[in-house]
2 protein chains.
Amino acid sequence: MADMKETIKSVSIDLFFKKGYFATSISDIAKGSGIQKASIYYHYASKEDLLFHILKSTMDDLTTCLKKSLEAVEGIEQRMRAAVQSHVRFHLERQKENFIANSELRGITAEHYRTIVKKRDAYEVIFQDLIRVGAEEGIFADVDVKILSYAILTLCTAGATWYKSNGRLTVAQIADIYENFIISGLKQGSLS
Amino acid sequence: MADMKETIKSVSIDLFFKKGYFATSISDIAKGSGIQKASIYYHYASKEDLLFHILKSTMDDLTTCLKKSLEAVEGIEQRMRAAVQSHVRFHLERQKENFIANSELRGITAEHYRTIVKKRDAYEVIFQDLIRVGAEEGIFADVDVKILSYAILTLCTAGATWYKSNGRLTVAQIADIYENFIISGLKQGSLS
DNA sequence: GAAAATTTACCGACCGGTCGTTAGGTAAAG
DNA sequence: CTTTACCTAACGACCGGTCGGTAAATTTTC
């Protein structure tokens, strides 16, 4: 058996995804992990600590994944395409964690909240810079950078709410559709 | 003072939006409404019943709003533009209810869940028909209808998660940005 | 149109159950 | 003999929900 700390985390991700953080009890997690609920507290300080661990590692991996995807890719359009691909793929492949990261932020303390939001903001800035530079170079249309970045990110993020891993389309196919949709939107065609 | 049933509903919307359904207690709602918690049960059968009322009326109003917006609008592109405008405006103007409708579906019973999902599906079909016909007419690119409808809807819906009513941009400005972004995306670089 | 009956809209007190968390102990491993 | 990784048992707080009751408003009856 894998080490218990990871098992607890994995079971928690499943349950938080299925029922939500507040609707999931420590007893549920213990039962799913095959131990007594008091034993959870040997590995995690509190229920909130457990949630924070999930959110934090998800955000860290998300950013790492994006930076790796952008390495050695040149040209704003290609970089944006790579960024979208990375974002979509990560959200679909690690659907549960990302869903939690986007819906259970209210479950953590104010201090932990700030930590997570800071990581999220840093991630968003990478996209905003791409949009801004793309607009400056005349590749993308000159529209509000913040709104567009929110649009792009939430669009892909939302995939984690409806995606089904055994569904009609593969992750790669969805990523391609989103990539083209977003690039077209960024170029804003002719502008009327 | 307005009638108490509406006050309770309104207070609940505020609290469910701010803290979430499961993190909000009947006592919280009672306190916010200025009555005792037992009195809540004179107006609503249960906490779940209260949530269901909010979800149901939101979905009904959303659909009514869309249908009214499409009346007498002709041409697929113009109809899609009108649909996006309606969708975005409704979600930003009634932000809290829509946020709840998109995040607290796990709080209702299986039967009530089916009722809401049925309403949501009917709403989505309106968009899917627009995309399909648009593709048939050669106005929109020929890409997966379902995925694109999800993309369009979740994109606007997500606005309800970050929009701030006293923010930099007005609802009308955001709606215009989204409208152009989506139409460009639907045309998929046919102009490039 | 006054008296009686009913309904409306609330209250305070309380219920069984579950919550997250802790204290204290134990058996095995290093 | 200390540390690791768990256990049983229990804690107080709070949960959604119910109870019997009541003052005021409304409707019905004579």
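Here is the naming used below: chain letters follow the sequence lines, and residue numbers restart at 1 for every chain. Quick note: numbers below take in every heavy atom, side chains included, and nothing from hydrogens, waters or symmetry partners. Given the structure is predicted, the values throughout are model-derived calculations rather than measurements.
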Quiz item: Among F99(B), F16(B), F52(B), which residue meets the ring pair (Phe, Tyr, Trp, His ring centres under 6.0 Å) test with Y21(B)?
Solution: F16(B)

Judged by atom type as modelled, is there a donor-acceptor pair below 3.5 Å linking the side chain of [X] to the main-chain atoms of [Y]?
| X | Y | value |
| --- | --- | --- |
| S57(B) | H53(B) | yes |
| K47(A) | T24(A) | yes |
| E48(A) | I108(A) | no |

Quiz item: Among residues 13-28 of chain B, which contact DNA chain C at a heavy-atom distance under 4.0 Å?
Solution: none

Practice problem: Tell me, please, the opening and closing nucleotides of DNA chain C, 5' to 3', among those with an atom under 4.0 angstrom from a non-hydrogen atom of chain A. | Solution: dC19(C) to dA23(C)

Does [X] reach the side chain of [Y], with side-chain heavy atoms less than 4.5 Å apart?
| X | Y | value |
| --- | --- | --- |
| I40(B) | I29(B) | yes |
| K56(B) | K119(B) | yes |
| H91(B) | C156(B) | no |
| L62(A) | M59(A) | yes |
| N102(B) | T161(B) | no |

Exercise. Under 4.0 Å from any atom of DNA chain D, heavy atoms only: list the residues of residues 48-57 of chain A that qualify, in numerical order.
Key: none

Quiz item: Who are the side-chain hydrogen bond (donor to acceptor under 3.5 Å, both in side chains) partners of T157(A), not counting sequence neighbours?
Solution: H87(A)

With a 3.5 Å cut-off and sequence neighbours excluded, list the donor-acceptor pairs that the side chains of residues 134-144 of chain B form with protein atoms.
{"residue": "E136(B)", "atom": "OE2", "partner": "R132(B)", "partner atom": "NH1", "Å": "3.4"}
{"residue": "D144(B)", "atom": "OD1", "partner": "R168(A)", "partner atom": "NH1", "Å": "2.6"}
{"residue": "D144(B)", "atom": "OD1", "partner": "R168(A)", "partner atom": "NH2", "Å": "3.4"}
{"residue": "D144(B)", "atom": "OD2", "partner": "R168(A)", "partner atom": "NH2", "Å": "3.2"}
{"residue": "D144(B)", "atom": "OD2", "partner": "K146(B)", "partner atom": "N", "Å": "3.3"}
{"residue": "D144(B)", "atom": "OD2", "partner": "I147(B)", "partner atom": "N", "Å": "2.9"}

Exercise. Taking only Lys NZ, Arg NE, NH1 and NH2, and the carboxylate oxygens of Asp or Glu, determine whether R81(A) and E77(A) approach each other closer than 4.0 Å.
Key: yes

Quiz prompt | Where protein sits on nucleotides 2-13 of chain D, one letter per nucleotide: B base, S sugar-phosphate only, - none, heavy atoms under 4.0 Å | solution = --SBSBBBB---

